[in-house]
Novice: 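Can you read through this structure? Questions will come right after.
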Amino acid sequence: MLALRLVRRFGTASHIAAATAIASSGAAGKNSSKGLVSKRKPLKVDEPALIKLKRERNPEKLFQLFKENAHNKVVVENRFVFEDTVSRLAGAGRFDYIENLLEHQKTLPQGRREGFIIRLIMLYGKAGMTQHAVNTFYDMHLYGCPRTIKSFNAALKVLTQSRDLKAIESFLWDVPEKFSINIDILSVNTVISSFCEMGILEKAYLVMVEMEKLGITPDVFTYTTLISAFYKVNRWQIGDGLWNLMVGKGCMPNVATFNVRIQFLVNVGLAWEANKLLLLMKHIGITPDEVTYNLVIKGFCRAENLDMAKRIYSALRGAGFKPNAKIYQTMIHYLSRAGEFDLAYSMCRDSMQKNWFPSLDSIKKLLEGLCKDGTEEKMGKARFLIILAKKKIPPFSSDALNVMQSIIACS
């Protein structure tokens, strides 16, 4: 009777089965709960789509799996999964699959959101499908999606990767007027960075000049990009002129700008001038970073002024910074070259214990210096460095380790 009342009340197969089991248990009193559980069929739990996509390595199956989940917000709105899928399909050369997936996404409700279309533009860009990215921008109205400076900048960014000068200039000058878009400083900086990378520095500078005529004020990134580009080709007169122009217009340099100039001074052997800039930064309230200190340290090391290099190293630690891999590499290399093997060993040991390993040449030079002394203390230090070298992740090659071992064996 109890089972009958339960069936009438709930009326589902699962509840009928449960009610029957309860009734049977009460009537017989002999079946244990363990026995009842063992007779049930295990439920088949479907693996989440995100996990399936991550594990799938077959391009065709990956394509089909993503296509099946085109309406699954958990998948589509997951930026990492979307990018990873496109990246793997591009790696397999299946650009047809990428086009199919992304074009399909435009027809869905998310295709009306500019932020989502921007993501598709960038995905096409990462796959090297530049024309598809630009066409996506041109066709946004077909999906009922608004077009603003944000999507323009996204398409411009992808287009600059093509290094097609005419296409970039045409897009920059013609498209904004066509779609009533006002370009901003990000547009300018994107093009200037691209032109600098292409080595057409005069055109990059002229873009800044023309944009300023349109009322777009260059920012510190604009000037830093141009200054760096001119310094790299040793046209320091223009680099210095841009620095003066920037300051004269009230645009103050930041730590990146200072580092660019310090890098140039170090490259041309003006270590003391680089150090003056470091002091100037502190004086005007700009905090030097690890890059600043490393550059000045490197400058004094190149000038064979290790005393000043060690002073700057101490100033780095005094400012609350910890040495990074590049600073360790610089100090170990030049200390070993100068024969200061004890200090070089201490730094190399500390660096290796952080899994920051100097170059093989620097380690060899240090090992040779320690072994040349021949004392048991120095040999022990050399052996300990090899123990640390064997723990490197990822590991040194067997040839590299054999080279290190041979240095000790010959001593």
Novice: Checking Asn58 side chain against Lys61 main chain: does a donor-acceptor pair fall under 3.5 Å?
Specialist: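 Pair found, side chain donor or acceptor close to backbone of Lys61.
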
Novice: I'd like to know if the side chain of Thr107 and the backbone of His104 have a donor-acceptor N/O pair within less than 3.5 Å.
Specialist: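 Confirmed, Thr107 side chain pairs with His104 backbone.
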
Novice: Output yes when Arg235 and Glu202 qualify as a salt bridge under the 4.0 Å nitrogen-oxygen rule, no when they do not.
Specialist: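 Yes.
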
Novice: Checking Asn402 side chain against Ser398 main chain: does a donor-acceptor pair fall under 3.5 Å?
Specialist: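 Checking the backbone N and O of Ser398 against the side chain of Asn402, a donor-acceptor pair under 3.5 Å is found.
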
Novice: Under 6.0 Å from the NZ atom of Lys392, do we count more than 12 heavy atoms belonging to anything else shown?
Specialist: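 Atom NZ in Lys392 is packed in, count exceeds 12.
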
Novice: Is there a side-chain contact between Asn267 and Arg302, using heavy atoms and a 4.5 Å cut-off?
Specialist: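 They are in contact (side-chain heavy atoms under 4.5 Å apart), so the answer is yes.
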
Novice: Does a side chain donor of either Asp240 or Tyr231 reach within less than 3.5 Å of an acceptor in the other side chain?
Specialist: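 Distance-only check passes for Asp240 and Tyr231.
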
Novice: Just by distance, no angles: are the side chains of Lys67 and Asn100 close enough, under 3.5 Å, to form a donor-acceptor pair?
Specialist: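 Asn100 and Lys67 do have a side-chain donor-acceptor pair below 3.5 Å.
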
Novice: More than 12 heavy atoms of other residues, nucleotides or ligands under 6.0 Å from CG of Asn135: yes or no?
Specialist: yes

Novice: Under a 3.5 Å cutoff, is there a donor and acceptor pairing between the side chains of Ser362 and Gln329?
Specialist: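 Side chains of Ser362 and Gln329: pair found under 3.5 Å.
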
Novice: For the side chain of Ser228 and the backbone of Thr224, is there at least one donor-acceptor N/O pair under 3.5 Å apart?
Specialist: no

Novice: Main chain of Ser151, side chain of Glu114: is a donor-acceptor contact present, judged purely on distance under 3.5 Å?
Specialist: yes

Novice: Mark yes or no: Arg261 above the aromatic ring of Phe258, with NZ or CZ under 6.0 Å from the six-membered ring centre and no more than 45 degrees from the axis.
Specialist: no

Novice: Do Lys249 and Glu212 pass the salt bridge (charged side-chain N to carboxylate O under 4.0 Å, His left out) test, and can you show the C-alpha distance, the side-chain angles, and the key distance before you say yes or no?
Specialist: CA-CA 12 Å; Lys249 292 196 172 185; Glu212 199 164 11; 2.8 Å; yes

Novice: Contact between Phe152 and Ile149 at the side-chain level, heavy atoms closer than 4.5 Å - yes or no?
Specialist: yes

Novice: Considering non-hydrogen atoms only, spot the tightest contact between Ile118 and Ala154 and give its length.
Specialist: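 Smallest interatomic distance, heavy atoms only, reads CG2-CB, 3.8 Å.
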
Novice: For atom NZ of Lys326, is the number of surrounding heavy atoms from other residues, nucleotides or ligands below 6.0 Å larger than 12?
Specialist: no

Novice: So, the side chain of Thr225 versus the backbone of Phe221: is there a donor-acceptor pair under 3.5 Å, distance only?
Specialist: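 Side chain of Thr225 to backbone of Phe221, a donor-acceptor pair under 3.5 Å: yes, one is there.
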
Novice: Cut-off 3.5 Å, side chains only: do Lys106 and Thr136 have a donor facing an acceptor?
Specialist: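 On atom types as modelled, these side chains qualify, holding a pair under 3.5 Å.
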
Novice: Determine whether the side chains of Ser194 and Thr160 contain a donor N or O and an acceptor N or O closer than 3.5 Å.
Specialist: no

Novice: Under 3.5 Å, is there a donor-acceptor pair between the side chain of Arg317 and the main chain of Pro323?
Specialist: no

Novice: With salt bridge (charged side-chain N to carboxylate O under 4.0 Å, His left out) as the criterion, how do Glu340 and Lys310 come out once you've worked through the C-alpha distance, each side chain's angles and the decisive distance to 0.1 Å?
Specialist: CA-CA 12 Å; Glu340 296 193 27; Lys310 287 185 277 188; 3.0 Å; yes

Novice: For the residue pair Asn259 and Gln263, confirm or rule out a side-chain donor-acceptor distance under 3.5 Å.
Specialist: no

Novice: Phe357 and Ser351: which non-hydrogen atoms are nearest, and at how many Å?
Specialist: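 Here Phe357 and Ser351 meet closest at N-OG, 4.4 Å.
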
Novice: Looking at side-chain heavy atoms only, is the closest gap between Pro253 and Trp243 below 4.5 Å?
Specialist: yes

Novice: Flag the pair Thr287 / Val255 as yes when at least one side-chain heavy-atom distance between them is below 4.5 Å, and no otherwise.
Specialist: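 No, their side chains stay 4.5 Å or more apart.
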
Novice: Quick one: does any side-chain atom of Asp84 pair with a main-chain N or O of Phe80 as donor and acceptor, under 3.5 Å?
Specialist: no

Novice: Quick check on the 6.0 Å ring-centre criterion: do Tyr293 and Tyr313 meet it?
Specialist: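 For Tyr293 and Tyr313, the ring centres are not under 6.0 Å apart.
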
Novice: Step through the shown structure and confirm whether more than 12 heavy atoms of other residues, nucleotides or ligands are within 6.0 Å of CD on Gln353.
Specialist: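 It does: Gln353 CD has more than 12 such atoms within range.
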
Novice: Run Trp356 and Asp350 through side chain to side chain contact (heavy atoms under 4.5 Å, CB included) and show every step you take.
Specialist: CA-CA 9 Å; Trp356 296 336; Asp350 294 345; over 6 Å; no

Novice: Check whether the side chains of Asp219 and Asn189 place a donor and an acceptor atom closer than 3.5 Å, and report yes or no.
Specialist: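 A pair is found: one side chain offers a donor N or O, the other an acceptor, under 3.5 Å apart.
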
Novice: Give the minimum heavy-atom separation between Ala344 and Leu335, together with the two atoms involved.
Specialist: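 Between these two residues, the closest heavy atoms are CB-CB, 3.9 Å.
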
Novice: Just do the ring pair (Phe, Tyr, Trp, His ring centres under 6.0 Å) check on Phe300 and Tyr334 with the steps written out, would you?
Specialist: CA-CA 10 Å; Phe300 281 121; Tyr334 285 101; over 10 Å; no

Novice: Walk me through whether Glu376 and Lys381 qualify under salt bridge (charged side-chain N to carboxylate O under 4.0 Å, His left out).
Specialist: CA-CA 9 Å; Glu376 183 56 34; Lys381 289 180 177 179; over 6 Å; no

Novice: For the side chain of Ser187 and the backbone of Ile183, is there at least one donor-acceptor N/O pair under 3.5 Å apart?
Specialist: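 It does not hold such a pair.
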
Novice: Pair Phe341, Ser336 - check side chain to side chain contact (heavy atoms under 4.5 Å, CB included), show working.
Specialist: CA-CA 5 Å; Phe341 299 112; Ser336 297; 4.3 Å; yes

Novice: Taking atom CD as the centre, does Glu304 end up with more than 12 heavy-atom neighbours from other residues, nucleotides or ligands that are less than 6.0 angstrom away?
Specialist: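 For Glu304, atom CD is not crowded (no more than 12 foreign heavy atoms under 6.0 Å).
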
Novice: Check whether any side-chain heavy atom of Leu277 lies under 4.5 Å from a side-chain heavy atom of Leu265, and answer yes or no.
Specialist: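 Side-chain contact under 4.5 Å: yes.
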
Novice: Does Lys157, at its NZ atom, have more than 12 non-hydrogen atoms belonging to other residues, nucleotides or ligands within less than 6.0 Å?
Specialist: no

Novice: Does a side-chain heavy-atom distance below 4.5 Å link His333 with Asp361?
Specialist: no

Novice: Where do Met331 and Ile297 come nearest, in terms of heavy atoms and distance?
Specialist: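 Heavy-atom minimum between the residues: SD-CG2, 3.4 Å.
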
Novice: Quick check, are the ring centers of Phe179 and Phe137 under 6.0 angstrom apart?
Specialist: yes

Novice: Could you walk me through whether Phe66 and Phe82 pass the ring pair (Phe, Tyr, Trp, His ring centres under 6.0 Å) check?
Specialist: CA-CA 9 Å; Phe66 198 96; Phe82 215 147; 5.0 Å; yes

Novice: May I have the step-by-step check of side chain to side chain donor-acceptor pair (under 3.5 Å) for Asp184 and Asn153, ending in yes or no?
Specialist: CA-CA 9 Å; Asp184 59 10; Asn153 283 338; 3.2 Å; yes

Novice: As a quick check of understanding, evaluate salt bridge (charged side-chain N to carboxylate O under 4.0 Å, His left out) for Lys276 and Glu273, giving each step before the final call.
Specialist: CA-CA 5 Å; Lys276 286 180 181 178; Glu273 294 300 317; 3.5 Å; yes

Novice: Is there a donor-acceptor pair under 3.5 Å between the side chain of Ser180 and the backbone N or O of Pro176?
Specialist: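 No: the side chain of Ser180 does not pair with the backbone of Pro176.
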
Novice: Is there a side chain to side chain contact (heavy atoms under 4.5 Å, CB included) between Asp342 and Lys378? Walk through the geometry before answering.
Specialist: CA-CA 9 Å; Asp342 287 328; Lys378 297 291 175 65; 3.0 Å; yes

Novice: For His141, I'd like to know if atom NE2 has over 12 heavy atoms of other residues, nucleotides or ligands within 6.0 Å.
Specialist: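 Enclosed.
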
Novice: With the side chain counted from C-beta on, respond yes when Asn324 and Val291 share a heavy-atom pair under 4.5 Å apart, and no when they do not.
Specialist: no

Novice: Hey, mind stepping through Met211 and Val191 against side chain to side chain contact (heavy atoms under 4.5 Å, CB included) and telling me if it holds?
Specialist: CA-CA 11 Å; Met211 291 301 144; Val191 173; over 6 Å; no

Novice: Could you tell me whether Arg94 and Asp96 make a salt bridge, using a distance below 4.0 angstrom between a side-chain N and a carboxylate O?
Specialist: yes

Novice: Looking only at non-hydrogen atoms, find the nearest pair between Ile262 and Leu278 and report the distance.
Specialist: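 Reported closest heavy-atom pair: CD1-N, 4.3 Å.
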
Novice: Any side-chain heavy atom of Met129 within less than 4.5 Å of one from Glu99?
Specialist: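 A side-chain contact exists here, since the closest heavy-atom pair is under 4.5 Å.
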
Novice: Heavy-atom count around Tyr143 OH within 6.0 Å, excluding the residue itself: above 12?
Specialist: yes

